[in-house]
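Report on one structure; see the data block that follows.
Nothing here was measured: the structure is a model prediction, and the numbers come from that model.
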Amino acid sequence: MRRVLIFAGTTEGRLLAEELLAADIPVTACVATEYGETLLPEGEGMVRLAGRLDEGQMESLMAGGDFACVVDATHPYAAAVSENIKKAAENTGLSCLRLLREEEESEETAVFVDSVGEAVAYLGDREGNILASTGSKELSEYTALPDYKTRVFARVLSTEESVRLAGNLGFAGRNLICMQGPFSEEINYATMKEYGISWLVTKASGKAGGYGEKLRAAKRAGAGVVVVGRPKETGGFSFSQVKRQILKMAGKKWKENRRVCFASIGTGAFSQMTEEAKQAFRACDVIIGAGRMTKALKDFGKPSFSAYKETEIAGFLETHEEYQKPLVAFSGDLGFYSGAKKLLPLLSDKGFDVVCIPGISSFAYLAARTKKAWDEAKLMSVHGRAENIVRAVRENRRVFTLLGGAGSLEKLCECLLFYGFSDVEVTVGETLSYEEEKIYSGTPKELLRANSGALAVAVIENPKGGTQIVTHGISDDEFIRGQVPMTKYEVRAVSLSRLELKRDSVVYDIGAGTGSVSVEAALKASDGKVYAIEKKEEAVKLLEENKRKFAVPNLEVVAGCAPEALAGLPVPTHAFIGGSAGNLREIVACLLKKNPNVRVVVNAIALETVAETCALLKTLPVKDTEVSQIAASRGKQVGSYEMMMGMNPVYIFSFTGRGE
């Protein structure tokens, strides 16, 4: 394609040049100063020209080059320059596209005037220092103020021409600030506080010119604002419209920029939000998020859509293409129990390019406030989730957890007390980073009626955490037994090894007895679930007692006889059969029906059960069959002698469903 001539006096002009070059479209870019030339992109296909041109020079440039079109991306206040570009393009028969700068809402309390001269007249009988951010060309207007050399602080570009012009007018020392914009809110605010600014004079330079950042900084600094209104422009196109038309001329396919930003607001307070996130909220054209998010961000003055379900958010983005810079807001950090986890792949599948901006998590914040390290802590959440927090407290010295709203602290303390963790210390942080922030500590009993708020996080410290034995093999004497049969230590060790449990396994213990297998399986499958099925009333009571003693909330006792008692239970991944009450075939058939790939271990003492199991293995769709016979003996003190006492021999069968 032929070249595109861009009069690139603005950020948008430079950005357009970059994107056209990336699309292999050659560009000639004109700027007024040598400094402006240094801001232009470099690369193959790029020609950079510096210097102010009148209408005749523009016309000569257009006539002498092989240009496809002209883009006027000059400053909104350069009305005379825009008129010259338009006339020169008409005289040379070139299409001229006026790139309009995106406007931003003005502060309601600002004073609007038509010129810098009017602004000076307005401030003439008002006291206080003035920050003049209207450029060097109109600095002479401020000399009408009798004390301008001490009262007016001129912020101009750090170019030789600007500095010389300001110096000739008497602006020097502290009253001459040479910087390149646009500026962040924080820089604007720091400047106003440093120089004791009472009045800001600015032009309505739009989003790209940092207009919003100036207004917000002035509001924070308590400074009044005088705005020199932008000249009204008729005709012109948005950035995306100009780019679309040029790509169409070049015969290139237009691809919509389907970029969406994920930004974390951190713990909530504005002061805790990262500067990158603040800039993203200012630059976006719509904020999407849960109602609490959109309400907290209303001061950014953006349209909003309240939703927290990933399907709702994705649907909104797909059906509202008018928003070119959408932003989805999340609390805390994107990588910790955030809705971003599910939304990100969903939007990626739909063709969105997602940019992620992290935030300060509540854990990092609370750790800093309480001076507790969290690099070795177990991090988890019980907010809308079923988590085995008892296991986490048992296995770790320190656990950080998000709480689940009102009443969740009470439930946590009740759970800890029920399973015997009365001596742990719980530290709670509520509405962290807000003015009403509260941080307090105590034992579960002391905090039982604390009534924490909805926005709370807790740290649980257990000095005994992680000291338990990690291999299976609890002594038989540790279990509450009564007169109920129990799978002994030696047999239990082999049987559990044969089960090949995983951390998230769903286990049936059929004929559970006192629950020795159930308890050890629950300790191993700590993120899973164990169902102890038992028909005897006495055994059911013992199961509940052992569940509490060994602190295994992921163990559920089911009173009833298998296979009928299995009907309403979730699909098992593993099953242990310690007693079948004569229903072995029916039980195994039920297990294979629920999960054709289930892993099963059967213990048999009676020879009849051994024979029945051997027959089943030949007729049912199973594989990986193994059988072992355990004949263990234990030492017993008889007088002055240690006698070995034999236990009943036990046959251990293991197999896996073939998936049929």
Side-chain angles (χ1 to χ4, degrees), residues 9-11 32-33 35-36 52 74-84 101 103-159 161-183 188 191-192 195-219 221 223-233:
T10 59
T11 302
T33 65
Y35 176 75
R52 290 186 172 85
T74 57
H75 199 280
Y77 287 87
V81 176
S82 289
E83 185 63 26
N84 287 339
R101 171 167 280 191
E103 293 195 39
E104 185 167 41
E105 282 191 31
S106 295
E107 173 63 45
E108 292 180 0
T109 58
V111 176
F112 289 86
V113 295
D114 291 330
S115 66
V116 174
E118 286 189 24
V120 171
Y122 175 80
L123 295 172
D125 56 355
R126 286 168 174 78
E127 297 181 351
N129 290 345
I130 301 167
L131 176 60
S133 64
T134 49
S136 59
K137 293 181 182 179
E138 297 172 289
L139 274 182
S140 59
E141 300 282 358
Y142 294 91
T143 61
L145 296 169
D147 51 354
Y148 79 92
K149 289 185 179 181
T150 56
R151 183 185 176 194
V152 179
F153 293 80
R155 188 165 70 182
V156 301
L157 288 173
S158 55
T159 63
E161 181 183 1
S162 297
V163 174
R164 183 177 63 254
L165 178 59
N168 291 339
L169 293 171
F171 293 95
R174 276 174 53 85
N175 290 71
L176 181 57
I177 307 168
C178 302
M179 300 175 70
Q180 166 64 34
F183 306 102
N188 282 311
T191 301
M192 294 181 197
Y195 297 103
I197 299 301
S198 298
W199 294 96
L200 166 69
V201 183
T202 181
K203 294 180 179 179
S205 52
K207 291 183 178 180
Y211 179 55
E213 285 78 359
K214 294 178 188 177
L215 295 181
R216 286 186 288 271
K219 186 175 182 180
V225 180
V226 180
V227 180
V228 180
R230 181 191 298 187
K232 297 295 182 182
E233 294 190 89

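- The two residues F153 and I177 have their closest heavy-atom pair at CB-CD1, 4.3 Å.
- With sequence neighbours excluded, the residues forming a side-chain hydrogen bond (donor to acceptor under 3.5 Å, both in side chains) with R155 are N188, listed by chain and number.
- Side-chain contact of S140 with T143: a donor-acceptor pair under 3.5 Å is absent, judged by distance alone.
- Using a 4.5 Å cut-off on side-chain heavy atoms (C-beta onward), Y211 and V227 make contact.
- G128 and R151 make their closest contact through O-NE, 2.6 Å (heavy atoms, listed as atom of the first residue, atom of the second, distance).
- With sequence neighbours left out, the side-chain hydrogen bond (donor to acceptor under 3.5 Å, both in side chains) criterion links R164 to no other residue.
- The side-chain hydrogen bond (donor to acceptor under 3.5 Å, both in side chains) test applied to E138 returns K203, not counting sequence neighbours.
- Using a 4.5 Å heavy-atom threshold, the side chains of T33 and R52 count as touching.
- Judged by distance alone, with hydrogens and angles left aside, the side-chain atoms of S133 form a donor-acceptor pair with the main-chain N or O of V201 at under 3.5 Å.
- Using a 4.5 Å heavy-atom threshold, the side chains of Y148 and V120 count as separate.
- For Y35, the side-chain hydrogen bond (donor to acceptor under 3.5 Å, both in side chains) partners two or more places apart in sequence, or in a different chain, are Q180.
- Between Y122 and W199, the two ring planes are perpendicular [angle over 60°; tilted spans 30° to 60°].
- The backbone N or O of K149 lies less than 3.5 Å from a partner atom in the side chain of N175, making a donor-acceptor pair.
- Between A218 and M192, the shortest heavy-atom distance links the atoms CA-SD, 3.6 Å.
- For the pair V152 and L145, the minimum side-chain heavy-atom distance is below 4.5 Å.
- Nearest heavy atoms, L157 versus V163: O-CG2, 4.3 Å.
- Side-chain contact between T10 and T74 is absent, with no heavy-atom pair separated by less than 4.5 Å.
- A search for ring pair (Phe, Tyr, Trp, His ring centres under 6.0 Å) contacts involving Y142 returns nothing, not counting sequence neighbours.
- Partners of F183 according to the ring pair (Phe, Tyr, Trp, His ring centres under 6.0 Å) rule, which considers only residues two or more places apart in sequence or in another chain, do not exist here.
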With salt bridge (Lys or Arg N to Asp or Glu O under 4.0 Å) as the test, would you mind laying out the steps for E213 and K219 before giving the verdict? CA-CA 10 Å; E213 285 78 359; K219 186 175 182 180; over 6 Å; no
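- Side chain of D114 to backbone of V228: no donor-acceptor contact under 3.5 angstrom is found.
- Of the candidates N168, L169, L176, L139 forms a side-chain contact (heavy atoms from CB on, under 4.5 Å) with just one, namely L169.
- Side-chain contact between I130 and I197: absent, with no pair of heavy atoms (C-beta onward) separated by less than 4.5 Å.
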